[in-house]
There are 2 protein chains.
Amino acid sequence: MSEASSQAVVRVLIVEDDPMMQLGLEQSLSSQPGIEVVGRADDGYFAVEETLKLKPDIVVMDIGLPRLDGIAATQKIKKSLPEVRIVMLTSHTTENEVIAALSAGADAYCVKGTTVERLLAAIEAAWEGASYLDPLVARLVMDHLKSPTNTADAIAVGQLSQRELEVLKLMVEGRSNPEIATALYLSPNTVKTHVRGIMNKLAVDDRVQAAVVALRAGLV
Amino acid sequence: MSEASSQAVVRVLIVEDDPMMQLGLEQSLSSQPGIEVVGRADDGYFAVEETLKLKPDIVVMDIGLPRLDGIAATQKIKKSLPEVRIVMLTSHTTENEVIAALSAGADAYCVKGTTVERLLAAIEAAWEGASYLDPLVARLVMDHLKSPTNTADAIAVGQLSQRELEVLKLMVEGRSNPEIATALYLSPNTVKTHVRGIMNKLAVDDRVQAAVVALRAGLV
DNA sequence: CGTGCCATTACCCAGTTGGATAAACCCAGT
DNA sequence: ACTGGGTTTATCCAACTGGGTAATGGCACG
C-alpha cells in the first residue's frame with residue numbers, strides 16, 4: 001500500500017494554528033518513512049507565502065485559521081501553483097464548508113480525530129492526483145452531486161418549443177412580459193401566450209415556479 | 001498503510017463481463033493478503049443477486065455490463081444493502097457517467113489501466129466508508145461541485161432576517177403573497193412588506209429574480 | 001390537401017404585484 | 001433613555017399577471 005511514499009520523499013507543509021495540534025501532526029508525519037515536513041504555517045497568509053517559497057508536494061491545511069481561512073488560502077495557492085496538492089484536515093464537517101473547500105481546490109478531506117492511517121491515505125491519494133474523502137464527509141459530497149440537474153424537470157423543459165425556451169430563459173432573468181416582448185421584437189400579447197404555454201407544459205401555476213423548474217433542469 | 005487489509009479479511013465480489021479482465025482482477029486481488037474474492041458476476045442482474053446472497057464487504061463493479069449496467073446495479077444494491085461498499089472500476093471517464101455512478105451510491109471510482117495499488121487504495125478507502133477518486137476523474141468531480149452555490153448570492157441571502165428567509169422559501173415554492181400570509185399566519189400586507197424587504201436586500205426587481213438568487217445561493 | 005403544431009396577434013377581466021408611505025411594537029446595544 | 005433593526009399592520013394606486021377565448025399564417029407529415 002505504501003509504494004508511493006516508500007520510493008520517493010513527499011515534501012509536506014503543515015498549516016495549523018493550534019500549536020499542540022501542529023506539533024502532534026509534525027510528529028506523526030515526519031516519523032513516517034517517505035514523508036518530510038518541510039515547513040509550518042499558523043495562519044492563511046503564511047500558508048500561501050510558505051507554499052510559494054517552499055513549493056511542497058502537499059499542503060496539509062486546517063480551515064479555522066486567523067487572518068485568512070484555509071478555504072481562501074487554498075484558492076490562492078491553487079491559483080498560483082495548481083500542481084500543489086492540498087489535504088484539508090479540519091473539524092468542520094458542515095456541508096457548506098466541505099463543498100466550499102473542495103470547490104476551492106482541495107484534493108482530499110480529512111476530519112480531525114481520525115486515525116493517522118487515514119491521513120496518510122489521504123496524502124498518498126492526493127500526491128497521485130487522486131482524491132480521498134473521509135468517511136464522515138464522503139456521503140455528504142456524493143449526495144451533493146445528485147442535486148444539480150433534476151431529470152424529471154429536464155424532460156419537461158425538453159418538451160418546450162424553441163420560442164418557448166427563449167421566453168423561459170428571459171423569464172429566469174426576471175424580465176417582465178413587456179420586457180420580453182421588446183427583447184424578442186414581439187407583441188406583449190404573444191409573450192403572454194407563450195408564457196401560458198410554458199406554464200401548461202411545465203405544469204406550474206406561475207412564472208416563479210417556471211423559473212425554478214428551469215433552473216433545476218439545468219437551464220443555467 | 002495496510003492496517004485495514006492486514007488485520008481482517010475483506011470479502012470482495014467482482015463484477016466484470018470481460019472474462020480476461022475478470023481473471024486478471026481476481027488474480028491481482030486474491031493474491032493480496034487480507035482480501036478474499038468471494039464471488040464473480042458478469043452482468044448487472046447477477047451482480048445484484050450475488051451481492052444479496054453473499055453479502056460481500058466490497059463490490060468491484062464495471063459500468064459496461066450486459067442486461068443491467070453497473071450504475072443501475074449499484075442503485076439496486078445500495079437500496080437493499082447500503083452498508084455494502086461499491087468500487088467502480090471502469091474505462092468510462094465522461095463526466096455524466098462518473099457523476100451518475102457516484103450519485104447512484106458508488107463509494108470509490110477507479111479507471112481501468114490504473115495500477116493495482118490504486119485499486120487497493122480505493123478498496124481500502126471504501127471499506128472504511130471513505131471515498132477514493134482516481135486522478136483521471138477527481139478534478140472532474142470537484143469541478144462539478146462548484147456550480148450549485150454562488151458565493152456572492154449566498155452572501156446576499158445571508159443578509160436576510162429570519163422571517164424574510166421563511167418568506168423567501170415560500171416564494172421559491174411559487175406561493176403567492178396571500179398564500180404565504182395564510183401559511184405563516186400573517187396579514188397579506190405584512191407579507192408584502194417582507195417581500196419588498198427581500199427584493200431590496202437582494203437588489204432585484206421582482207420575485208422571480210429573488211427566487212433565482214435564492215436557488216443559486218443554495219437555498220434548496 | 002387536410003390536420004396538427006407552432007408562432008403570432010388580439011381582447012376582456014379578476015386577481016396579484018410592486019412602489020410609496022406610515023405607524024405601531026418589541027428588543028438589543030449605546 | 002435613545003437609536004436602530006426587525007416584525008407587524010395598513011392604505012392607495014398603477015402596472016403586471018394569469019385565465020379564457022379566438023383568429024391568422026406558416027410549415028410539415030401523411
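The chains referred to below are lettered A, B, ... by the order of the sequence lines, with proteins before strands, and numbering in each begins at 1. Side-chain atoms are counted along with the backbone in the values below, which use heavy atoms only and exclude waters and symmetry mates.
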May I have the distance from A:R207 (atom CZ) to C:dG15 (atom C1'), rounded to whole angstrom?
-> 15 Å
Does A:R175 come within less than 4.0 Å of B:D206, counting only side-chain N to carboxylate O?
-> no
Would you call A:R67 and A:D17 a salt bridge, taking side-chain N to carboxylate O under 4.0 Å as the test?
-> no
Compute the angle between the rotation axes at the two ends of the helix from C:dC1-D:dG30 to C:dA23-D:dT8, each taken over five pairs, rounded to 10 degrees.
-> 50°
Starting from P on C:dA20, measure out to CG on B:N200 and report it in whole angstrom.
-> 9 Å
Would a 4.5 Å heavy-atom cut-off, applied to side chains only, mark A:Y132 and A:R118 as touching?
-> yes
Quick one: which of A:H194, A:R207, A:K192 gives a side chain to side chain donor-acceptor pair (under 3.5 Å) with A:N177?
-> A:R207
In the 5'-to-3' direction, what one-character label does each nucleotide of nucleotides 3-12 of chain C receive under the scheme B = base within less than 4.0 Å of a protein heavy atom, S = sugar-phosphate only, - = no such atom?
-> ---SSBBB-B
Whole-Å distance between C:dT16 C1' and A:M199 CE?
-> 13 Å
Distance below 4.0 Å between B:N177 side-chain N/O and C:dT17 OP1 or OP2 = yes
Whole angstrom value for the distance that separates P of C:dT16 from CG of B:L170 | 16 Å
Just wondering, do A:E173 and A:L170 contact through their side chains at under 4.5 Å, heavy atoms?
-> yes
Separation of B:Q209 atom CD from C:dT17 atom P, in whole Å?
-> 16 Å
Do A:M21 and A:K112 come close enough that some side-chain heavy atom pair is under 4.5 Å?
-> yes
Is A:E166 salt-bridged to A:K169, cutoff N-O under 4.0 Å?
-> no
Using a 4.5 Å cut-off on heavy atoms from C-beta on, say whether the side chain of A:I77 contacts that of A:M61.
-> yes
Side chains of B:V84 and B:L13: does their closest heavy-atom pair fall under 4.5 Å?
-> no
Taking CG from A:D205 and P from D:dT17, how many angstroms apart are they, rounded to a whole number?
-> 16 Å
Rounded to whole Å, the CD1-C1' distance (A:I198 to D:dG19) equals 16 Å
